[in-house]
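Atoms considered below: every heavy atom in the structure, side chains included; atoms not considered: hydrogens, waters and symmetry mates. Bear in mind that the values here come from a model prediction, so they are computed numbers and not experimental data.
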Amino acid sequence: SIGLSTPVTTMDPHFHNLTPNNSIAKHIFETLVHQDEQQALKPGLAESWRAVDSTTWEIKLRKNVRWHDGTPFTAEDVLSTLKRIPNVPNSPASFAIYMRPIVDAKAADPHTVILKTREAHPLLPNDLATIHIIPKKAEAMSTPDFNSGKAVIGTGPYKFAEYVSGDRVVLTVNDKYWGPKPAFAKVRFRMITNSAARVAALLAGDVQMIEAVPTADIENLRKDKRVSLASVVSNRIIYLHLDSGREKNSPFVTDAAGKPMEANPLRDARVRKAISKLIDRNAIASRIMEGEAKPAGQFLPETFHGTSRKLTPDKYDPEGAKKLLAEAGYPNGFGLTLHTPNNRYVNDEKISQAVAQFLTRGGIPTKVEAMPSAVFFSRGSKLEFSFLLAGWGAGTGENSSPLRSLVSTFDPKLGNGAANRGRFSDAGVDALVQTALTTIDDTKRGIMLAAATEKAVGELMGVIPVHYEVSTWGVRKGLAYKARVDQYTLAHEVKTSK
Amino acid sequence: MTVYVLRRLAQTLLVLFVTSGLVFGGLYLVGDPVEILVNPQADQEERARTAAALGLDKPVLEQYGLFLKGMFAGDLGKSFVFGRPALEVILERMPATLELAFLAMLMSVGLGIPLGLYAGLYPDRKTSKAIMAGSILGFSLPTFWVGLLLIMVFAVQLGWLPSTGRGPTENVFGFSISIFSVEGLRYAFLPSLNLALFKLSLIIRLTRAQVREQALLDYIRFARAKGLPRSRVIGVHLLKNILIPLVTVIGLELGSVIAFAIVTESIFAWPGMGKLVIDSIFQLDRPVVVAYLLVVVFMFIMINLVVDVLYSALDPRVRIAEAK
Amino acid sequence: MKEFLSNRIAATGLAMLMVVIAIALFAPWISPQNPYDLGKLDLMDSRLEPGGKYLLGTDGQGRDMLSAIFYGLRVSLLVGAASGVIALTLGGLLGVLAAYVGGRFESILMRIVDIQLGFPAILVALILIAVLGKGVDKIIFALVCVQWAYYARTARSAALVERGKEYMEAARGLGLSRTRIVLKHLLPNASPPLIVVGTVQVAHAIALEATLSFLGLGLPATEPSLGLLIANGYEYLLSGKYWISMYPGVALLLTILAINLVGDQLRDQLNPRLSRA
Amino acid sequence: MFFHAGNENQRPLSPSPVLELSNVSKRFSKRLDAVEKFARRLGADVPEHTVHAVDRVSFGVARGEVVGLVGESGCGKSTLGRLACGLIEPSEGQVLYKGQRPAGTQRPQMIFQDPFASLNPRMRVEEIIGEAPVVHGFVSRSELKNYVSEMLEQVGLDPSYRRRYPHQFSGGQRARIGIARALAVKPDFLVCDEAVAALDVSIQAQVLNLFMDLRENLGLTYLFISHDLGVVRHLAQRVVVMYLGRVVESAPAAELFAAPNHPYTRALLAEVPRLERKRREFAPIKGEIPSPLAPPAGCHFHPRCPHATERCAREAPVLREIAPGRLSACHLNG
Amino acid sequence: MLEIENLVTEFATRDGIARAVNDVSFELKPKEILGVVGESGSGKSVLGYSMIGLVDPPGRVVSGSVRFEGRELIGLPEEEMRALRGKRIAMIFQDPMMTLNPVLSIETQMVETVFAHESFDRAKARKICLENLELVGIASPERRLKQYPHEFSGGMRQRVAIAIALLHRPALIIADEPTTALDVTVQGQILYEMQRLVRETGAALVWITHDLSVVAGFADSVAVMYAGRIVENGRTEDVLHSPRHPYTRSLLDSVPANNIGQVRLRQIPGMTPSLARLPAGCSFRERCGHADAQCSSMPEMKTSVRCHHPLC
Ligand SMILES: Nc1ncnc2c1ncn2[C@@H]1O[C@H](COP(=O)(O)OP(=O)(O)OP(=O)(O)O)[C@@H](O)[C@H]1O
Ligand SMILES: Nc1ncnc2c1ncn2[C@@H]1O[C@H](COP(=O)(O)OP(=O)(O)OP(=O)(O)O)[C@@H](O)[C@H]1O
Ligand SMILES: [Mg+2]
Ligand SMILES: [Mg+2]
């Protein structure tokens, strides 16, 4: 048994693009391109892929792969999948975004697929790593068909056995799987959303593995002989977004005495830098996160593609900050309210409190206002805040994702800056990101992305990175799990250890 | 009586209508579901697509109009999260909640009334004082805290009972029920105890207070003068006279135990409606929340109707107001 | 009063309650630290064990637990008492009135009660937070919202019984006004279950506030109540850092114990048959 | 006292009486529920319980008069008293007090038959008695204490009982509290429903004397419900006799006691126990006692009447004037 | 059959200890009817409760003995007492509204009394109940059985209570003002039935009342109570026709029948003293026309009267 932290809401792999759903889907279905625990691309149902020219990709499919019902896997299945994805009715979060660059898909032969993109799209393989392939006959199946299990036929290491909404998913091993055999014949995923209860279930032995071990229990579990932990720095950054869009009358900026202030100091990069310097990231990582976080200086840990080698987390430097504030014309500081969700990220509200604590001490009296994400994100997107805390997980595993969504100029037409709730805007950054997005050459693209990051974060502080979350799994003694940056909990990756 | 019941049922429709409006308005004020549902990576186009797919791009009044139209056709809309009819999602979870509620009420009524009677009849005994003090424990600590404590003690430390989850289910008349097996009861015990504690205390205290009110009245003395056995004096004469407020509170608690097992269900990972609705509320899954509220309000109306009808059965002086 | 004190348990309860109220009133002067001032907290002192610099240890933010409990008591008492009193008054009155007036007024009121009862506190709190933001006043408002209906029904049921009794007829015969009959005759006689439900619900309000806080819908985390402290410390329960939630829990328990001991005695005294007179 | 013979819609002949009942009926019925109705459909014998507690009663009471109302237990005396005070609404007919429906402070005061049930168990005697006078403003709060003490003394209770609760009194003491409560609002009309039944004779004497004094000094009017004929005889100027919801006879007290007309009245007087009597044998009532649930046809009294004829079983006799100021409902009167 | 000796029952009140029954002694033989009369509040009801063991806190029987059929009732275990109550000793309470349970039908309340002591089948139990209702003059007993107390008039409730007390034909009946709410015809009927019962079953009857005229024609002997004590006790004729205690005398003087032709009834001057603050000595002293210095000590009960200056 495995204790999951968030409920699995559907068995339809294309219905709702959500980590827990995808995680379960990855047991039953497979993607053309796999990602390893570091999100590095690996052959999946596709043995290989290459860009024939800047807009054409040729994908060679694996032979001798069979669906759970015994029929062989072919290019037709891939085409059906691509056809179904944009057309799942009522989907609250579809996978269509990953398909949008593709303008045409053909089967060159039963085991080769040719994809054409509108313009150069270097990230196509990364996108493909999110798309679960379903058999042709499931193309017309509806979401309820999947939930009932009727349509749940994949090629993955596990077969569907049972799904009880809100309670559990049971899978049995697929003996004919082409890849390595999983260690367990039957897996029960139990949804235990309360984190303390999840830990208790692990300690009581009711489950053998849990995901998202709460930070409060890490220290204790580490000492506990019955369990062991597996952790990794994830692809999720916790950052602070500042209102750098409004010239004046930012809603929650006040002067040091708490009276409304017309000028918006947050527009000034020096002020943003000063705020960054006021935060003791090490203290947050060790005290609030109990070591389950790594101070961040950019969007993704350095191991990821497109990150900068030069950027390091800002040092805690109240003196330097004071100087910068004075330079910017705010020697006496000013007042802020930090808005934060309180049920979205690990310890989100506590981090905010700590940040506020540091800023207050550094001469910027800061209040914290926490709210559930249901309220937070709506208000945040309506730009009702001046200063907010949020997080970003780069699903594609590449630095282009945060660059494009967080610090590119808000532009619905291009799909840029969708999560840019501070309305940071810099033409230089935009240009670099835009070019990078159409550069097929990985090295060249990487350099451009790193440069953009250095400018957007290192220099201009479009967002203030705080830390990367560490994802931790707990397993009973005798089991081992290789922690994944994408936070998926994959039963077939659990090994028995001696 | 018949007229009365029929009138109440007619009022029910109106009540449901008002409820749906309130929830619609309330959730509209809370925030935009798209923000929550959509994958954070999504760009503006995908957001717009989601809004359109879920019908959230229309003005809210129009959405409400559409919903009402559906409601009269018996369709409460599809869950945003599950993509299935909201009512179906709820009804699927209902048996789990109902069995928990049933066990919890059984515990609290079955224990609470006798203990309350005892404490009320012998207010000066040590045992009674202990009962009363103990009952304070039952409601002074937050449920979630007590819940975890129960898990820690009975599952982690002692290992007697499973920590979380629901036991194996059997299909009984089309509902999956877990409490007909010993294994199922083992799973259900801690959560229902957790739920029952508060009600238990309340019922003990209420019973005691009512007993203290009534036990000295002349009709009790007369019943004793008739030579009735003590059990009958207490179990019939006394009990029936104190029952009206008790039945009210039991009805209310039954309703609340069904409707708001939220915390207990999430701590014990019990796959019931409460757990569903809290997720749905946080995800702004409006159709589920609306459908849930309609179901719950309907249930409260029914419970309260039964309780009101019971009043006149319990006390002939209470005539249900029937406008002439 | 003399009679009150003659009961040893009740006297202890009263003494406890006085202490609790005193602590709540004087928290700013007797606390070693102002737990609400973020600038005074030191993250590096977080989760220290009891003893040493901080008598009852510190929480995850480096907040002194003792001070936090003192301040939290203040908030919790305010929330519990204010919401309890308002909801009781409002619900009790409306319920009794419904029973007395009957007819359409009763129907409408009771249907509103039905609706209100069905609304989970979470939803009400969430809507309030979205519309009004967080704060003690909002949480009190939310608690009153979800609790008045409960009182209304309890009060109505008791009043329905009393309404049929002869002394009500006598009161009408004296030409007393409706308001007076409801307030002076019906309400006191319908009150025993209300008082029980009331004392329990005050505790419940405090616990509910804790639950809402636990779900992130309660008070601002920077101004913790006892409930919020318990909720915050909750996650440390399994990890051996018991003090973060145990001490506020004990404080809450003692407070509620005191309220109830006093409440029990008061109720018995309000009943002329039981008081030794 | 002003009577209108018969039970049809006649207006009273007299100069406006203070209290006037015309053709008043009160029925209590238990509605059948769905199941019972259905059972009746199927022919089952499910009776619809209707009690004619008061059946087309008309009479008036003039200012300053004392009218005694006597009758068998369960014949509707208390119900009539409640109707007179406007505590219940008549099913038919009209009750007028000073030309208006009794309401608010404009109504006779009632002293209830059941002393305990009519006292609010959570109020102290002081509040029970003093509440209404303070509310209606005849007494200020500061005078209240003295006023209540005065009232208590009037009914023969020690003023130190002021701060007690009703349950701490004996039956007779409770009855006196009820009387004090009614007197405290300075009524000009009192409906005394067995007001002295629970009192021992010495207190009874004291209270009756009080009633008489009040009548003399303040001109109070009384409707005095009692079955203690000795008391009625002593107090009342006129007596109305009820039987099973109907008035059967009414006459000036002296005349009635001297020469009762209606057979029921005669039976009543014959049964009155007397102090001077020696130990005696009691005799059972002859004939069956009729039920208000199923009153006999014709004259309600005929099953017990020694003079009953076949006509009595058929036809209800009308209340008719048999002598000036005397009315009786009996076929024997011709 | 019934011997009561020096019975004392006290209530703890705010003003102090109130002796509601103070040093009461009397005897009762089978078939004897004892009328207990006295001032309201003089402890008549409490005396009744003391005999049947139903004095509730804050009251308690402090001392004395109640012997019934040779058994001491004071201190008898509750279960044995219960077996006697309703079966051998029955009591009819004073306040008819409060004695019947308002939420149970008359049928339930009667049938359960039958079942408390007998194991008949239901039909037989019902039959007994119907007979007894008829006995006390309730018409349509079949239908009345289904009704609830509040649907009865005051007098009918009282009759129901009497019917319940008579169900088992007890050996001792304590009737606390059972006919105050009844008209004379019905009262006559009940007195008749009581007399018959006494004659046929040899029951003894304690008849608490203030209707002296009923006592006159009905009781064999009379006990007059004042402020918790029996002040005069004797054969009915003797007590009523030649009272020896001044209180009894005044009582008789107040009866309306003895005041015919007078506008005002004679009444006893002064006020009943509060039981918790009785004057020292004879309790009637302050209201008595014959009181002198001797009366400041408590008179003994001598030849049926407790008075220093018995009238002759
Ligand atoms: N529960 C009680 N608490 C205090 N005093 C009480 C209580 N019950 C009765 N008493 C007192 O005991 C005395 C005797 O009461 P009891 O009821 O026996 O009077 P009684 O002779 O039956 O009078 P009545 O003829 O009016 O019924 C009264 O003075 C009364 O006030
Ligand atoms: N609320 C009620 N519901 C049903 N029947 C009632 C109600 N009140 C009174 N009755 C019936 O009405 C009839 C008259 O009752 P009422 O109380 O007026 O009698 P009464 O003359 O006062 O008798 P008593 O002298 O015994 O008090 C009785 O048969 C009684 O059963
Ligand atoms: Mg009456
Ligand atoms: Mg008495």
Side-chain angles (χ1 to χ4, degrees), chain A residues 3 7 9-10 12 15-18 88-94 96-97 100 143-144 147 164-168 190-194 196-198 200-201 203-206 343 372-382 391-396 401 404-405 411-416 418-419, chain B residues 27 30-50 53-55 78-84 89 92-93 96 144 147-148 151-152 155-157 159 161-166 169 176 263 266-272 275-276 278-279 281-285:
Chain A
T9 57
T10 179
D12 183 341
F15 179 70
H16 195 174
N17 182 6
L18 207 64
V88 183
N90 299 319
S91 163
S94 77
I97 30 167
R100 213 173 295 126
T143 304
N147 289 336
V164 180
S165 171
D167 187 28
R168 60 180 178 267
R190 301 219 356 239
M191 306 165 204
I192 310 175
T193 44
N194 184 279
R198 203 159 57 240
L203 290 177
D206 291 344
N343 58 356
S373 44
V375 179
F376 177 82
F377 287 108
S378 298
R379 289 184 65 189
S381 294
K382 281 191 250 158
W392 186 268
T396 52
S401 140
R404 186 167 168 231
S405 297
D411 183 348
K413 257 196 256 81
L414 288 173
N416 283 347
Chain B
L27 287 181
V30 171
D32 180 2
V34 175
E35 289 286 342
I36 298 296
L37 292 167
V38 88
N39 188 293
Q41 322 269 332
D43 56 13
Q44 292 88 340
E45 191 182 333
E46 167 63 11
R47 282 162 199 257
R49 190 209 60 76
T50 301
L54 302 179
K78 276 195 169 140
S79 158
F80 296 158
V81 173
F82 295 96
R84 298 161 50 198
V89 174
E92 178 184 87
R93 299 283 191 92
F144 59 88
L148 189 61
I151 297 184
M152 271 171 62
V156 178
Q157 298 296 330
L161 294 165
S163 60
T164 53
R166 186 170 179 223
T169 57
S176 48
V263 175
S266 39
I267 287 180
F268 286 91
W270 189 266
K275 198 159 163 262
L276 170 73
I278 186 173
D279 291 342
I281 288 176
F282 280 132
Q283 297 187 32
L284 298 177
D285 191 349

At a heavy-atom separation under 4.5 Å, does B:I267 approach chain A through its side chain, its backbone, both, or neither?
both
Does B:Q44 reach the main-chain N or O of A:K413 with its side chain, forming a donor-acceptor pair under 3.5 Å?
no
Name the option with the most non-hydrogen atom pairs under 4.5 Å to chain A; the candidates are B:T164, B:L276, B:L54, B:D32.
B:T164
With a 4.5 Å cut-off on heavy-atom pairs, point out which of A:I192, A:D206, A:T143 contacts chain B the most.
A:D206
A:P7 side chain reached by B:D279 side chain, heavy atoms, under 4.5 Å:
yes
Contact leader toward chain B among A:K382, A:R190, A:R404, where contacts are heavy-atom pairs under 4.5 Å
A:R190
Can you tell me if B:E46 uses its side chain to pair, donor with acceptor, with the backbone of A:S94 under 3.5 Å?
yes
Nearest 0.5 angstrom please: B:D285 CG to A:T9 OG1, how far?
9.5 Å
Determine the minimum heavy-atom distance between A:G166 and B:K275, stating which atoms define it.
O-NZ, 2.9 Å
In terms of heavy-atom proximity below 4.5 Å to chain B, should A:N147 be classed as side chain, backbone, both, or neither?
side chain
By side chain to side chain contact (heavy atoms under 4.5 Å, CB included), which residues pair with B:P271, not counting sequence neighbours?
A:D167, B:R166
Shortest non-hydrogen contact between B:V156 and A:A200, atoms and distance:
CG2-O, 3.6 Å
Okay, side chain of A:H16, backbone of B:L37: is any donor-acceptor separation there less than 3.5 Å?
yes
Measure distances from A:R379 to the heavy atoms of chain B and classify the residue's part below 4.5 Å as side chain, backbone, both or neither.
neither
Quick one: which of B:E92, B:M152, B:R49 has the most heavy-atom pairs under 4.5 Å with chain A, could you say?
B:R49
What heavy-atom pair brings A:A204 and B:S163 nearest, and what distance separates the two atoms?
CB-CB, 4.3 Å
Is there a side-chain contact between B:I36 and A:S373, using heavy atoms and a 4.5 Å cut-off?
yes
Can you list everything that forms a ring pair (Phe, Tyr, Trp, His ring centres under 6.0 Å) with A:F376? Sequence neighbours excluded, please.
A:F385
Minimum side-chain heavy-atom gap B:E45-A:I97 below 4.5 Å
no
